[in-house]
2 protein chains.
Amino acid sequence: MATPRIQSVDRAFSLLACIARRGGSESLPTIAAQCGLSVATAHRLLATMESLGAVIHTSPGKYRIGLGVLELGRHASLDGLLAAAADPSLRRITQTITPTAHLGVLDSEFMVTYLAKATVRSHPLPTQIGSKLEAYCSGLGKVLLAALPEAHLDAYLAEGPFIALTGRTIIEPAALSRELIKVREQGYAFDDCELFDDLRCVAVPIRDADGQVVAALSGSAPAPRLPHQSVPAIVAELNRHAGEIGRKLYPAQPVCN
Amino acid sequence: MATPRIQSVDRAFSLLACIARRGGSESLPTIAAQCGLSVATAHRLLATMESLGAVIHTSPGKYRIGLGVLELGRHASLDGLLAAAADPSLRRITQTITPTAHLGVLDSEFMVTYLAKATVRSHPLPTQIGSKLEAYCSGLGKVLLAALPEAHLDAYLAEGPFIALTGRTIIEPAALSRELIKVREQGYAFDDCELFDDLRCVAVPIRDADGQVVAALSGSAPAPRLPHQSVPAIVAELNRHAGEIGRKLYPAQPVCN
DNA sequence: CCTGCGCTCTCATATCATGAGAGGATGATC
DNA sequence: GATCATCCTCTCATGATATGAGAGCGCAGG
């Protein structure tokens with residue numbers, strides 16, 4: 001059968017989640033009840049975690065998440081995890097779908113940051129992990145922009161007209177706005193040589209457990225290798241990978257009933 | 001006997017600590033060995049935590065701290081924990097030692113931030129939780145300054161001379177420097193009406209597990225109620241509380257061998 | 001094709017966690 | 001200042017739960 005769960009660990013995290021949710025002032029009996037545990041069990045679990053620094057019992061009736069958790073969290077960042085989680089998918093994509101694959105996020109300045117990249121040797125591309133790029137001119141950027149809340153998007157569009165990188169770059173705010181609506185509706189973006197001449201790219205969103213777009217995944221190829229009729233299949237494949245990445249990062253949350 | 005520990009929870013956190021330390025690229029067999037666990041056990045624990053989002057298995061040989069831990073950590077801050085952990089001690093101090101007690105930290109601008117305060121009704125003081133105060137003129141500030149690394153302290157002293165708040169405020173950098181050396185040596189600070197007329201205060205450092213000063217704890221009283229000969233006893237009591245607070249926040253770390 | 005490595009799973013065993021409730025301590029109320 | 005209400009801690013017999021060795025599977029590189 002599937003790997004059996006360790007009950008105590010489930011319960012421990014249930015307690016942590018419960019404490020985190022309540023911001024830190026619930027009594028042990030209350031917490032125990034919320035997690036469906038006996039007071040004795042909850043107490044043992046909390047005492048164990050307290051000695052590990054994961055929880056602290058500040059005063060009667062008050063439990064809080066401890067510095068230990070903060071310390072552990074210091075080693076994780078959304079960007080780093082996205083990159084790490086996406087890496088295997090990117091590799092597979094380059095082997096089966098398009099010769100190049102990218103993962104990117106949008107920063108607060110509306111710039112796309114490349115977090116991960118994979119390419120087959122024969123098709124180098126001048127993109128670099130960690131570098132930033134304007135959003136309006138790439139598949140990744142269009143997917144990420146399309147997911148922005150109305151107000152932010154308007155602010156971005158107001159920055160236009162934009163600079164043309166190729167003859168096909170969308171530079172007019174109105175045209176970009178229309179394009180983004182289309183992207184949002186169809187669930188993917190198609191970059192038809194808008195960033196580099198002769199390079200096409202398909203991009204799809206990566207979503208968290210709530211469906212919010214947190215990043216985008218793209219596959220790029222020379223235009224001849226990426227004809228229009230191949231797009232639907234590529235989108236499907238990319239979506240499969242995007243779903244996998246999303247699920248890796250955001251599993252069923254630890255609930256506390 | 002003392003509350004029994006939950007072995008699985010200890011092991012789970014041992015794994016987390018191990019993964020965090022290695023920055024995220026160790027194979028399951030390696031991690032298991034480092035934590036003294038069998039591969040099967042480590043696998044079960046990790047699988048459980050993975051489904052909770054505490055860990056993610058990005059690709060073969062690579063485990064990382066997951067977003068779940070980040071999310072939990074979002075609810076904890078050093079400041080908040082210090083305040084919460086100190087609160088009971090502050091209350092006790094006001095009942096047994098001095099009518100007012102404060103907890104403060106130093107920010108990057110050399111300002112003391114009051115994180116917690118307790119007072120008995122009969123002795124109000126115009127200090128507010130969350131407000132900031134120059135460091136040179138209070139017991140808390142002197143303790144915190146005395147713990148700064150040489151270079152930072154020099155930078156601060158160069159900002160002087162300071163503004164006198166009472167006739168006894170130390171305003172000359174040279175004098176303050178001498179005072180801080182004394183504070184460092186004796187392990188506590190005595191504020192003899194340097195901040196408010198007729199208000200004396202004794203302050204001691206709160207240290208983390210490594211002995212680094214992270215905050216300071218003070219007891220204040222009207223000058224007549226805090227004669228010089230009572231200082232040693234007050235220092236001892238404050239230190240007891242400071243130790244308690246430090247131990248609450250920084251228990252024996254989760255080690256991974 | 002074969003080898004090495006990393007991960008997953010099986011199963012009998014006994015360790016380990018369990019939960020009801022008593023007792024002690026602390027703080028609030030009157 | 002005394003009483004009451006919480007909250008926390010601990011005990012102990014029971015059995016559910018975690019354990020670990022090792023086999024098997026899939027994958028990647030040689």
Side-chain angles (χ1 to χ4, degrees), chain A residues 1-15 18-19 22 24-51 55-64 87-92 94-96 118 120-121 248, chain B residues 1-15 18-19 22 24-51 55-64 87-96 118 120-121 244 248:
Chain A
M1 271 297 297
T3 306
R5 306 184 67 86
I6 302 298
Q7 199 184 43
S8 310
V9 174
D10 277 329
R11 292 175 164 184
F13 277 91
S14 172
L15 288 172
C18 191
I19 292 173
R22 308 289 154 165
S25 47
E26 295 282 318
S27 73
L28 193 154
T30 311
I31 297 174
Q34 294 224 356
C35 294
L37 299 175
S38 78
V39 177
T41 301
H43 172 247
R44 270 189 304 261
L45 289 166
L46 287 173
T48 302
M49 291 198 279
E50 186 175 12
S51 84
V55 149
I56 105 174
H57 186 193
T58 55
S59 49
K62 300 195 175 168
Y63 285 85
R64 290 184 164 233
D87 191 60
S89 293
L90 296 187
R91 290 179 186 286
R92 296 191 74 79
T94 62
Q95 286 164 6
T96 58
V120 293
R121 254 179 292 279
K248 256 194 212 169
Chain B
M1 269 300 295
T3 306
R5 304 184 68 86
I6 303 297
Q7 199 184 44
S8 310
V9 174
D10 276 329
R11 291 175 164 183
F13 277 90
S14 173
L15 288 171
C18 191
I19 292 173
R22 309 289 153 165
S25 47
E26 296 281 319
S27 73
L28 192 155
T30 311
I31 297 174
Q34 293 224 356
C35 295
L37 299 174
S38 78
V39 178
T41 301
H43 172 246
R44 271 188 304 260
L45 289 166
L46 286 173
T48 302
M49 290 199 280
E50 186 175 12
S51 84
V55 149
I56 107 175
H57 186 192
T58 54
S59 50
K62 301 196 176 168
Y63 287 86
R64 290 184 165 236
D87 191 60
S89 292
L90 296 188
R91 289 179 187 286
R92 296 191 74 79
I93 289 170
T94 62
Q95 285 163 8
T96 59
V120 293
R121 254 180 291 281
E244 245 172 47
K248 257 194 210 168

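Scope of the values below: all heavy atoms of this structure, side chains included, with no hydrogens, waters or symmetry mates. Here the structure is a predicted model, which means the values were calculated and not measured.
- Remark: Arg5(B) CZ is packed, more than 12 non-hydrogen atoms of other residues, nucleotides or ligands lying under 6.0 Å away.
- When the nucleotides dG6(C), dT18(C), dT9(D) are ranked by their closest atom to the side chain of Ile6(B), dT18(C) comes out on top.
- Atom-to-atom, CZ of Arg44(A) to C1' of dT15(C) comes out at 15 Å; the value is rounded to the nearest Å.
- Between Gln34(B) atom CD and Glu26(B) atom CD the span is 5.5 Å, to the nearest 0.5 Å.
- In this structure, Arg11(A) reaches the dT18(C) phosphate: one of its side-chain N or O atoms is under 4.0 Å from OP1 or OP2.
- The nearest whole Å value for the distance from the CG atom in Leu46(A) to the C1' atom in dC8(D) is 11 Å.
- Summarising the geometry, the separation between CD on Glu26(B) and C1' on dC7(C) is reported as 16 Å, rounded to the nearest angstrom.
- Thr3(B) has a side-chain polar atom (N or O) that falls below the 4.0 Å cut-off from OP1 or OP2 of dC10(D).
- Of the two residues contacting DNA chain D, namely Gln7(A) and Pro29(A), the nearest-nucleotide position lying further toward the 5' end is that of Pro29(A).
- When rounded to the nearest whole Å, the span between CG of Leu15(B) and C1' of dC7(C) equals 15 Å.
- A donor-acceptor distance shorter than 3.5 angstrom exists from the side chain of Thr48(B) to the backbone of Arg44(B), with no hydrogens or angles considered.
- When the nearest nucleotides of DNA chain C are assigned to Pro60(A) and Leu37(A) by heavy-atom distance, the more 5′-ward of the two goes with Leu37(A).
- At a threshold of 4.0 angstrom between heavy atoms, the contacts of Arg91(B) with the nucleic acid are absent.
- The distance between atom CG of Leu28(A) and atom P of dG19(C), rounded to the nearest whole Å, is 13 Å.
- Atom C1' of nucleotide dC8(D) and atom CD1 of Ile56(A) are separated by 17 Å, given to the nearest angstrom.
- To the nearest angstrom, P of dC8(D) lies 8 Å from CD1 of Ile31(A).
- When only modelled atom types and interatomic distance are considered, Arg11(A) and Thr41(A) share no side-chain donor-acceptor pair under 3.5 Å.
- Under 4.0 angstrom from either OP1 or OP2 of dT19(D) there lies no side-chain N or O belonging to Ser38(B).
- Between Thr41(A) and the phosphate of dA17(C), there is no side-chain N or O to OP1/OP2 separation shorter than 4.0 Å.
- Although no hydrogens or angles enter the test, the distance criterion places no donor-acceptor pair under 3.5 Å between the side chain of Ser59(A) and the main chain of Lys62(A).
- The CG-C1' distance, from Leu45(B) to dC16(C), rounds to 14 Å in whole Å.
- Remark: His43(A) is in phosphate contact with dT9(D), judged by side-chain N or O atoms under 4.0 Å from OP1 or OP2.
- When each of Ala40(B) and Gln95(A) is assigned the nucleotide of DNA chain D bearing its nearest heavy atom, the one mapping closer to the 5' terminus is Ala40(B).
- Between Ser8(B) and Arg92(B), the one whose closest nucleotide on DNA chain C sits nearer the 5' end is Ser8(B).
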